[in-house]
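A quick note: this is a predicted structure, and the numbers were derived from the prediction, not measured.
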Amino acid sequence: MRPIFCAALALAAVTPVFSQAPPPAAPAAPAAPAALNIQQETEALINAASALFAEAKYQEALSKLAIAKKNLNNKPFESILFTEGACYYNLNDYPKAIESLEAYVKEFPQGSAIVDVRMALGRSYIASKKEEQGIKELTDVVRSSPEKKAEAGLIIADTLNKQNKKDEALDILTKVLADGIRSAESIQAAMLAANIYVSSGKLDEATALMDKVRNFASGGDSIAQMNNIYLKLGDEMMEKKSYKEALGAYQLVRKKNEISRIQTEQVAKLEAQLKTAKGVRKDEIETKLKANKEIMAEIEKRTDYDASLYYRLGRCYYEMGSPTDAGAGDPSRLWQAILAFEVVVKDFKQFAQRDKCMYGLIMVNASLKRIKEAREGCESFIENFPDSDMVGEVSMMFGMLAYQNKQLKEAIAAWKKALSFPKADKERLYFLIGSVQFELQSFDECRTTYEKVLQDFPQTTYKDDLQYRIALTYFYQNDSKSVTKALKTYIKDNPKGQYVVDARYRLAFIDFQGGDKKTAESELLSIVKDAPNDQNIGQVHALLGDIYNQRADYENAMIQFAAAVDKAKTDDVLTYAMDQVTDLYVGSNKWKELAEMWQRYYNTHKDNDDLALKAILWISRALIKETKVEEAKKLLAEHIKTRIPIVANQQVEGLIQQLVSISAPKRRRVAAASAPATPPADGAKAADKAPVVAAAPAPEVTFEDVEKQLETLLSPPQAAMNGTAQMRILFAKAWLAKTMKLPEKAEKFLTIIVEVAKPDDLSPMLLSIVGDAARKKGDLEKANGCYVRLRDFFKTSEFSDGAPVGLAEIAFEKGENDKALELFRDALNNYPGSSHVLDATQGEAKTLVKLKKYDEAKKIFETISNTKEWRGHATANALRMLGEIEALQGKHEAAIAYFQRVFIAHQKWKDEMAKAYLLCGKSFKALGKSEEARKTIQEMIERKDLEGQPEKKEAEKLLPTL
């Protein structure tokens, strides 16, 4: 909007202010000169105020007017009220502007500037959130002054638009534009209408209006105006984040050399016309020529004209190329942004916003993952724009680019370098350096960095964080003495700090770990009393639950874990507390409480299928325990059926197993052959008693009956029946056969799955099962496909640890021992807590044997044999392999001792026994002890429990050679 009524103000100011006042009373003779001085002084003040207003020095103008008003005893004068209202308006002090302008309207309803005053009054009302008054005032202006129709209508429409009354605003704008686009106001109206159309998604209407604007400004004498229109349209659309439309507007803006060429041609044309023009026509051409020369001079002065355009284009390209919540952007636009920003940076050294273009280059390169170029841009920015307001931000970004790329050490190095940059925020940089050192678990270095911040910046805003993290560095180093001291210092220095509850909790935890559970309990109960709603209170209740659990005070343990569930703010605390209280509820047969807790969990996690189905599993178990079996079946089937086609849902198989377990018939007890005899009643003979007829047994439920019922419960609508659903139904049948002790049927269904399943159709659990089954059957290609998909698509699955072990076993089978060793070690190093840790450990050891790295292999097998948790088959296997290692090195006496331990002390594991017998016989033979070898092999052959072991046939062939 243009500044208000400046021209009218100049006219109003020339009228002597006293001409409107009544003639003063005749003063006494001595006083006459003083009165004359006041009048002159007042007129001088008003004239000075007008001059100051023209220079936009509104506050100084108001000061002059205040003295003038005092001289006039605050009587209303038109020029004073007018200038005063204008000053306040331009200072955005709308309440005072309204006061002055309302006084003008009241005192001078026919004043020379009444129209401009009412226009300003309407605007002031609107700016003061009195939109209805403003619209009413401006509507009255339109009625009384048609020449103000466009200007007033534009303001009204803008106000309606901001009130989201877009249709009413467009109705006003349509009336403003009814006579065409011929004035500055109509141009602004067209721009506003186009913006409303864009914001309403009416892009065709917006485009049509833009074409009209372009047609209006397409003449050679209006080329500069055309550029301004499109720049403003583009800016408006950019503000509304309509980047595509903004780009379209900017692309219609002509470059400076083109405008200069057109303007030069226009000036030459007018100069030629002037040579023959006469009279009024000559005056018109001279006026036009002067205006065009002024435009041309103005354009030539704008050295940044093209730079400003390239900057805008770069912003559009960047915004269109960057990812948004709706999805990925268009990378090609980012490369266009680089080109646009680089033009400014390289060719327009004096452009005021060149630093923003360099910043844009950094951001674009970061978006394209060009970390090296982005960081080089940061260094160049610091060097070229040391006084830029963005220096601090760029200094941070210098290291943040490396941090976001997970290059933590490089981030620290970058921030350390940034400490020397001008205007570097050293306090913030040191804090970031320390935080990354903390993340890297470089606790000593982190502590030194944090302590430096506290020393160099005593009033730092990070004090709370710094002191607490310093304490944590000791905590994670298990330095209980130092952490205790540091936490107590933190609590003392920050009694209302954000980590006070957590600090007190950690002190209690240290007591708990040290065995002082009484002190820990007392402190934890005190925390609960002092801060019942703190963010960390959940873990306090959980630790109290642990204390009571260890005391076997299960009732109080349940209360505390239940409270931890209610108060938990993190998934870790919630999961731990729920697992604990679930075990306690189960142990106490509190199935109702268990169901209610998991139902609440389901209600808050229903949008996460995996978590929701975990809750359904527990709810169904509670229903089963409450003998509501049919209700549990219905619940399970309902949730399985809707998710059975979804391959990524990892909980479906667990629910299927639960459904199968309650659907399979319970094994019937064998009925007695006849009812027990009962003595006859008094006075009756046994023969007189009617024979007892046993009730007919209920017909036995067959596998086929349950199979059909399961298929009905699990099958989704035909439209959702895909490969995943089919494989899961087959899995349900296999599990049913296993549950009903029908191993041949179970094997049959599993074989079908292995043969027909595509890895893409299998869930994580089935990928693991099918992969293992296929590998054991020798179908390494199918197994490899399952393991690769499990590894690549389900990395966070609880079954993902099976992938590296399975792939390692395949490599081992193929004799690719180096690859197998790498994969087994990957499983051990990158899957902590894996359920396959024993398989991976055995795999690593047996591969080392193949690679003839006997010493390394021996250490691992000795570890396996001595690990209590692995006792059983793994022990027998480890002892047998230790024997093989000795035999391979020609140490047969030592080998025999290991083999004999296997078949004497570990007879439960027939496969290992058979191998140990055969190898023992071979070692005796290698030592030349044929009789011992013969006896060992003979003993093996005579053992009936080793029938079917493949080594027995080899032993039978070996015996005649001994």
Side-chain angles (χ1 to χ4, degrees), residues 1-25 39 42-54 58 61-62 64-91 93-128 130-156 159 172 175-176 183-185:
M1 301 295 178
R2 62 182 184 178
I4 65 164
F5 46 70
C6 293
L9 174 62
L11 293 174
V14 299
T15 306
V17 70
F18 285 100
S19 65
Q20 299 174 41
Q39 179 177 338
T42 303
E43 288 181 353
L45 287 166
I46 294 172
N47 290 333
S50 299
L52 289 166
F53 181 91
Y58 307 122
L62 286 169
K64 301 291 184 185
L65 291 174
I67 300 170
K69 285 170 68 177
K70 185 177 180 182
N71 289 348
L72 296 169
N73 296 321
N74 290 316
K75 290 181 181 179
F77 284 88
E78 182 178 359
S79 59
I80 291 179
L81 288 174
F82 183 89
T83 308
E84 187 177 56
C87 285
Y88 284 128
Y89 180 89
N90 287 318
L91 285 168
D93 190 345
Y94 299 112
K96 289 185 178 178
I98 289 171
E99 185 181 337
S100 298
L101 296 171
E102 281 181 340
Y104 184 103
V105 172
K106 179 182 176 183
E107 298 293 339
F108 308 104
Q110 305 301 320
S112 59
I114 188 64
V115 174
D116 289 307
V117 167
R118 296 189 71 187
M119 282 288 293
L121 183 57
R123 286 173 169 171
S124 297
Y125 282 140
I126 290 168
S128 299
K130 299 176 181 178
E131 289 87 353
E132 297 307 318
Q133 285 179 260
I135 291 172
K136 180 179 180 300
E137 191 70 34
L138 293 171
T139 303
D140 289 344
V141 170
V142 172
R143 290 196 193 101
S144 60
S145 305
E147 71 277 6
K148 291 290 184 180
K149 171 185 172 183
E151 185 179 352
L154 181 59
I155 300 168
I156 293 170
T159 304
I172 297 290
K175 291 174 182 176
V176 170
S183 65
E185 286 79 11

Test item: Lys106 and Tyr104 side chains (from C-beta on) under 4.5 Å apart, heavy atoms
no
List the residues meeting ring-ring contact (aromatic ring centres under 6.0 Å, His included) with Tyr88, not counting sequence neighbours, and say none if there are none.
none
Identify, with sequence neighbours excluded, every residue that meets side chain to side chain donor-acceptor pair (under 3.5 Å) alongside Thr159.
none
Evaluate the side-chain proximity of Lys148 to Val115: yes if any heavy-atom separation is below 4.5 Å, no if none is.
yes
Please list, chain by chain and in numerical order, all residues satisfying side-chain contact (heavy atoms from CB on, under 4.5 Å) with Pro95, sequence neighbours excluded.
Asp93, Ser128
Minimum heavy-atom separation for Phe53 to Cys87, with atom names?
CD1-SG, 3.6 Å
With respect to Leu138, which candidate in Leu121, Leu154, Ile156 satisfies the side-chain contact (heavy atoms from CB on, under 4.5 Å) definition?
Ile156
Tell me, please, which residues at least two apart from Lys175 pass salt bridge (charged side-chain N to carboxylate O under 4.0 Å, His left out).
Asp171
Scan for salt bridge (Lys or Arg N to Asp or Glu O under 4.0 Å) pairs involving residues 136-145, sequence neighbours excluded, and state none if there are none.
Arg118-Glu137, Arg118-Asp140, Lys136-Asp140, Asp140-Arg143
Quick one: list whatever passes side-chain contact (heavy atoms from CB on, under 4.5 Å) with Glu132, sequence neighbours left out.
Gln163, Lys165
Please name all residues satisfying salt bridge (charged side-chain N to carboxylate O under 4.0 Å, His left out) with Lys69, sequence neighbours left out, ordered by chain then number.
Glu84
Are the side chains of Ile114 and Phe108 in contact, using a 4.5 Å heavy-atom criterion?
no
Gap between atom OG of Ser79 and atom CD of Glu43 - 0.5 Å precision:
10.0 Å
Residue list, side-chain contact (heavy atoms from CB on, under 4.5 Å) with Ala150, at least two apart or on another chain:
Val176, Glu185
Ion pair check, Glu99 and Lys96, cut-off under 4.0 Å:
no
So, using ring-ring contact (aromatic ring centres under 6.0 Å, His included) as the criterion, who are the partners of Tyr125 when residues are at least two apart?
none
